[in-house]
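Hydrogens, waters and symmetry mates play no part in the numbers below; they use all other heavy atoms, side chains included. Residue numbers begin at 1 in each chain, while the letters A, B, ... track the order of the sequences.
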Number of protein chains: 2
Amino acid sequence: MKPPKNPTLAEVGEQAAINVIIAHAPSSRNGDDAAVLPHAAPNSRMVVTTDMLVENRHFSLDWSTPAEIGRKAITQNFADVEAMGARPIAALLGLSVPSYTRLGFVSDLARGIAQRVGDYGAELVGGDITDGEAIVISVTAIGQLGGSIPALTLDAARPGQILIASGEIGASAAGYALLKRFGRDGVPREFMPLIQSHCATKIPRGRGFVARTAGVTAMTDNSDGLVHDLETMARRSGVTINVDSAGISPSPLMRKAAELLSADPWEWVLSGGEDHTLLATTNCAPPVGFRRIGLVNKQHFHRLVTVDHKTPDYTAGWNSF
Amino acid sequence: MKPPKNPTLAEVGEQAAINVIIAHAPSSRNGDDAAVLPHAAPNSRMVVTTDMLVENRHFSLDWSTPAEIGRKAITQNFADVEAMGARPIAALLGLSVPSYTRLGFVSDLARGIAQRVGDYGAELVGGDITDGEAIVISVTAIGQLGGSIPALTLDAARPGQILIASGEIGASAAGYALLKRFGRDGVPREFMPLIQSHCATKIPRGRGFVARTAGVTAMTDNSDGLVHDLETMARRSGVTINVDSAGISPSPLMRKAAELLSADPWEWVLSGGEDHTLLATTNCAPPVGFRRIGLVNKQHFHRLVTVDHKTPDYTAGWNSF
């Protein structure tokens, strides 16, 4: 009897699923009870972070390919490592999937994970796969923080510093809005960059590490919404932050999408999140790849975050429940 | 209006859930994009591992309290760290729960996690909480491997070494069998130690680290079934392993439970798993806390693992699908 071409996990079992993951993302560190990670240099420290993606909450198989989901899962975790000023070196994958899931799904997901992990010169060093009702992808990212310069924390923004950013803001939310309206196949071709921003988010690699060596003191990534994430930084640092709208204004493509959808692109910019753009503060000039988008001020009791010195039009952020 | 006494996560939101977790398991490293972990000593390395627990696959709220589930989640991950000969120092928690989940569940789970993490002098340093259909608990454990002695890997068993173990084998499976028959409230009181072994597994802390400094070369933990886990070690090391039944025989309490259930306690011992007992090989005398349970032999083509030089009566192991 010929084996089925794309069997289910119930048909082939756990080991076959592990095998296809390791085939796509091999690592000499994988396969024992735990993975051993060396320290690159004296004074180096590790940073660790974890994020879960739940089917139909954080992604939809109607809109994203398994490989895109794998790339997105790594990007959002590695962005948190970069946001500390560290270099991602390894990832762990926890995967819960229904037993009727096809082996091809696991294989494609692993391919996407391996691609993005490879973009960073990092490795998938271990994981766990298990039966579950919905698809839940849990990625843990591990980074190396070399040298004795402090990590880039949320509480280190200081009055007088400039606020800087390293990428587009609002593009992921624009892609999401297009997908909701048109579905993946119905989105006009010209908007593909926005769809990619949502389905397989990518950030320039190494910017966090570079920023840390170039005088940045506080950093986070735009994951839950720009105003929301900057409010967290402002609160933790005991400062207020004013953003210049000129530095964060929607791209022409986002404006075009907004026109088509009769939406306000500023909502995507101010409360969309999920771009994982790095947001930072510094006393120095913006490092390469960053632009100035605002200024850190002393604390007063008006608002933690303003745009052009006014209350932002949109302030909502992601809440899981 | 008085707030509800035990509100749902839909009522109080994500931040309230994070707050109760941090209240039970505070850490100065928690709360930024990622947690920074220092290196204790020159030559020290990190070990990392992750494991998922899915409701009604790995635990049932009918049988376990949330605090027990928290303790079990940490034990099974820290056992993997110990099995490398490392010391657990930190954990990350990924938690997916339905929005109708009570805040009290999160609080009790966090209490159990904090208890077990505290048993090891470790800390919960970060995590992620999100909405999902079923409860999925993803724990990542981080350990420190101090000094230059190699980690205790699956491929380092050598012919002539003795096989050693550090705890009861089969007790968790016995507890599971009792719960299946009687439910938590119906299990006769005398069997509570077996129920505890299943619902809130505990292993003596620090044995992995001690074993590594006392000449052990290969180590794993009994998670998927004794024969199954030893087969993995034998295959990876290119050896065969013979277990002496005298070293792994069921405890009097397990025998009593087996009699009540008309079950064979040897099935629990040989294929039960989930005890997380450390299994190791060494050329030296067993370190304190370990006993001799068998011998490592050269490879021949009979079987990877024998018990009293015969094919084991039970060889099945855990398969997620």
Would you say the side chain of A:T130 lies within less than 4.5 Å of the side chain of B:F321, judging by non-hydrogen atoms? no
In sequence, state the C-alpha distance, the side-chain angles, and the governing distance for B:V48 and A:V125, and then conclude on side-chain contact (heavy atoms from CB on, under 4.5 Å). CA-CA 9 Å; B:V48 289; A:V125 297; 4.1 Å; yes
Positions in residues 218-230 of chain A that reach chain B, provided some heavy atom is under 4.5 Å away: A:M219, A:T220, A:D221
Under a 3.5 Å distance rule, please check whether A:S320 uses its side chain to pair with a backbone N or O of B:E14 as donor and acceptor. no
Counting heavy-atom pairs under 4.5 angstrom with chain A, the leader among B:G126, B:A134, B:G13 is B:G13
Could you give the distance from CD1 (B:I137) to CE (A:M52), rounded to the nearest 0.5 Å? 8.5 Å
Of the backbone (N, CA, C, O) and the side chain (C-beta and beyond), which part of A:L152 lies under 4.5 Å from a heavy atom of chain B, both, or neither? backbone
Applying side-chain contact (heavy atoms from CB on, under 4.5 Å), name anything that partners A:P98, two or more places apart in sequence or on another chain. A:Y100, A:T101, A:I135
Using heavy-atom distances under 4.5 Å, tell me whether A:A151 contacts chain B through its side chain, its backbone, both, or neither. side chain
Among A:T153, A:D155, A:I142, A:N56, which residue has the highest count of heavy-atom pairs closer than 4.5 Å to chain B? A:T153
What part of B:V12 lies closer than 4.5 angstrom to a heavy atom of chain A: side chain, backbone, both or neither? neither
Which atom names give the shortest non-hydrogen contact between B:L154 and A:G31, and what distance separates them? CD1-O, 3.6 Å
May I ask you to check whether over 12 heavy atoms, not counting those of A:R29, lie within 6.0 Å of atom CZ? yes
What is the minimum heavy-atom distance between A:D80 and B:A34, and which atoms define it? O-CB, 3.9 Å
Between the main-chain N or O of B:T140 and the side-chain N or O of A:T140, is there a donor-acceptor pair closer than 3.5 Å? no
What part of A:V47 is in contact with chain B, defined as an atom under 4.5 angstrom from a non-hydrogen atom: side chain, backbone, both or neither? both
Quick check on A:M84 against chain B: is it the side chain, the backbone, both or neither that has a heavy atom closer than 4.5 Å? side chain
Just wondering, are more than 12 heavy atoms of other shown residues or ligands nearer than 6.0 Å to OH in B:Y176? no
Quick one: does A:E133's side chain get under 4.5 Å of B:R57's, heavy atoms only? yes
Among residues 86-94 of chain A, residues within the sub-4.5 Å heavy-atom range of chain B, in order of number, are A:L92, A:L93, A:G94
Nearest heavy-atom pair of A:S96 and B:V54: which atoms, and what distance? OG-CG2, 4.0 Å
Test of understanding: with side-chain contact (heavy atoms from CB on, under 4.5 Å), list the residues that count as partners of B:T282, not counting sequence neighbours. B:I162, B:I164, B:V216, B:C284
Heavy-atom pairs under 4.5 Å with chain B - which of A:T232, A:V136, A:V81 has more of them than the others? A:V136
Of A:S138, A:A17, A:G132, the largest count of non-hydrogen pairs under 4.5 angstrom with chain B goes to A:G132
About how many Å separate OG1 of A:T49 and CG of B:D32, when rounded to the nearest 0.5 Å? 9.5 Å
When rounded to the nearest 0.5 angstrom, what is the spacing between CD1 in B:I129 and CG in A:D51? 12.5 Å
For A:G127, does its backbone N or O pair with a side-chain atom of B:T50 as donor and acceptor, under 3.5 Å? no
The interface call for A:R236 against chain B, heavy-atom contacts under 4.5 Å, is side chain
Side chain from CB out, backbone as N, CA, C, O: work out which of these in B:L145 comes under 4.5 Å of a heavy atom of chain A, or both, or neither. side chain
Choice from B:V36, B:L37, B:D131 maximising heavy atom contacts with chain A below 4.5 Å: B:D131
Heavy-atom distance under 4.5 Å to chain B: side chain of A:A10, backbone, both or neither? backbone
Taking atom OH of B:Y120 as the centre, report whether more than 12 heavy atoms of other residues, nucleotides or ligands fall under 6.0 Å from it. yes
